[in-house]
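The structure appears right after this line, and notes come after that.
Only a predicted model underlies this, so the values are computations on that prediction, with no experimental measurement involved.
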Amino acid sequence: MAYWLFKSEPDAWSWDQQVAKGDAGEEWAGVRNYQARNNMRAMKIGDLGFFYHSNIGKEIVGIVEVCAESAPDSTTDDPRWDCVHIRALRPLQRPVTLETCKMQPGLENMALVKSMRLSVQPVTPEEWRIVCALGGVDP
């Protein structure tokens with residue numbers, strides 16, 4: 001299993017909207033960055049990810065699961081762009097802020113801290129464990 005982080009501006013697509021999609025999940029569409037697209041192409045069904053509110057809040061608020069592997073993005077006719085589908089699994093008991101991640105030992109090399117603009121990024125198993133502990137959930 002691999003771990004990921006999905007960033008969304010909550011005024012465009014929020015955790016509550018993701019939760020409302022239920023088990024069917026939602027297409028993680030509209031990504032127009034090659035590295036983020038390649039990350040999605042590497043994902044497998046059952047991989048887990050953090051749901052991060054960017055710009056407003058700047059915090060990890062929940063855990064999602066990849067429920068459909070990479071396929072053409074329905075929001076464009078350009079064949080270069082793919083996306084996965086994700087579904088909400090559970091919220092964190094305590095949101096984990098970007099500031100907390102920057103100060104937490106073991107997270108100093110996390111992509112969220114180092115590559116803050118990348119919208120879909122990998123998370124190492126150790127980073128996953130640390131963030132889950134900070135958020136009050138079992139990894």
Side-chain angles (χ1 to χ4, degrees):
M1 175 186 306
Y3 300 104
W4 308 94
L5 183 139
F6 297 86
K7 293 171 107 178
S8 181
E9 297 176 16
D11 55 344
W13 187 256
S14 70
W15 171 251
D16 289 340
Q17 289 171 297
Q18 186 67 51
V19 169
K21 288 295 180 172
D23 285 342
E26 179 68 10
E27 180 181 45
W28 199 256
V31 174
R32 301 295 181 263
N33 173 284
Y34 288 108
Q35 188 175 358
R37 179 212 57 196
N38 291 344
N39 287 338
M40 288 192 288
R41 285 181 174 176
M43 293 176 187
K44 302 293 180 204
I45 291 174
D47 281 358
L48 299 178
F50 290 126
F51 193 101
Y52 178 82
H53 279 164
S54 62
N55 292 344
I56 302 168
K58 296 183 181 178
E59 58 191 4
I60 299 168
V61 296
I63 295 177
V64 296
E65 178 182 44
V66 175
C67 59
E69 291 183 11
S70 186
D73 184 327
S74 71
T75 65
T76 182
D77 292 329
D78 189 331
R80 294 177 295 170
W81 305 116
D82 297 350
C83 61
V84 295
H85 282 68
I86 62 172
R87 68 173 151 236
L89 291 182
R90 65 186 187 268
L92 297 186
Q93 288 183 8
R94 295 178 300 277
V96 178
T97 66
L98 175 59
E99 282 306 310
T100 298
C101 291
K102 287 180 176 180
M103 297 182 316
Q104 179 65 39
L107 298 182
E108 58 274 349
N109 292 315
M110 189 175 185
L112 180 63
V113 173
K114 294 283 193 177
S115 305
M116 294 187 336
R117 295 182 56 85
L118 188 60
S119 62
V120 179
Q121 33 185 265
V123 174
T124 69
E126 181 64 8
E127 292 164 349
W128 184 265
R129 186 192 63 72
I130 293 168
V131 172
C132 284
L134 291 169
V137 296
D138 290 331

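Of all the heavy atoms in P95 and V61, the pair that sits closest is CB-CG1, 4.3 Å. Across every non-hydrogen atom of C101 and V96, the tightest pair is SG-CG1, 3.8 Å. Nearest approach of S115 to Q121, heavy atoms of both residues: O-NE2, 3.4 Å.
Between V31 and V120 the shortest side-chain heavy-atom distance falls below 4.5 Å. The closest side-chain heavy-atom distance from T76 to R32 is below 4.5 Å. At least one side-chain heavy atom of K44 sits less than 4.5 Å from a side-chain heavy atom of E69. The closest side-chain heavy-atom distance from D82 to M40 is not below 4.5 Å. Looking at M110 and L5, their side chains come closer than 4.5 Å, going by heavy atoms from C-beta outward. Taking the side chain as every heavy atom from C-beta outward, V84 and D47 never approach each other to under 4.5 Å. Residues E26 and Q18 are in side-chain contact: their nearest non-hydrogen atoms beyond the backbone lie under 4.5 Å apart.
When the side-chain contact (heavy atoms from CB on, under 4.5 Å) test is applied to E126, the partners found at least two apart in sequence or on another chain are T124, R129, I130. Shown here are the side-chain contact (heavy atoms from CB on, under 4.5 Å) partners of S14, two or more places apart in sequence or in another chain: P10, D16, Q17, H53.
Summarising the local packing, CG of D11 is surrounded by more than 12 heavy atoms from other residues, nucleotides or ligands at distances under 6.0 Å.
With hydrogens and angles disregarded, a donor-acceptor distance shorter than 3.5 Å links the side chain of E108 to the backbone of G106.
Using cut-offs of 30° and 60° on the angle between ring planes, the pair F6 and W28 is perpendicular.
Between R37 and D73 there is no salt bridge, since none of the side-chain N atoms of the basic residue sits less than 4.0 Å from a carboxylate O of the acidic one.
Between the side chains of E27 and S74, at least one donor-acceptor pair of N or O atoms lies under 3.5 Å.
When the side chains of ILVMFWY residues are joined at heavy-atom separations under 4.5 Å, either directly or via intervening members, F50 and L48 end up in a single hydrophobic cluster. Y52 and W128 fall within a single hydrophobic cluster, where Ile, Leu, Val, Met, Phe, Trp and Tyr are joined by side-chain heavy atoms under 4.5 Å apart, directly or via other members. In terms of hydrophobic clustering, with Ile, Leu, Val, Met, Phe, Trp and Tyr side chains grouped at heavy-atom distances under 4.5 Å, L89 and F51 are assigned to different clusters. Note on I63: it clusters hydrophobically with L134, by side-chain heavy-atom contacts below 4.5 Å among ILVMFWY residues.
For Y34 and W81, the ring centers are positioned less than 6.0 Å apart.
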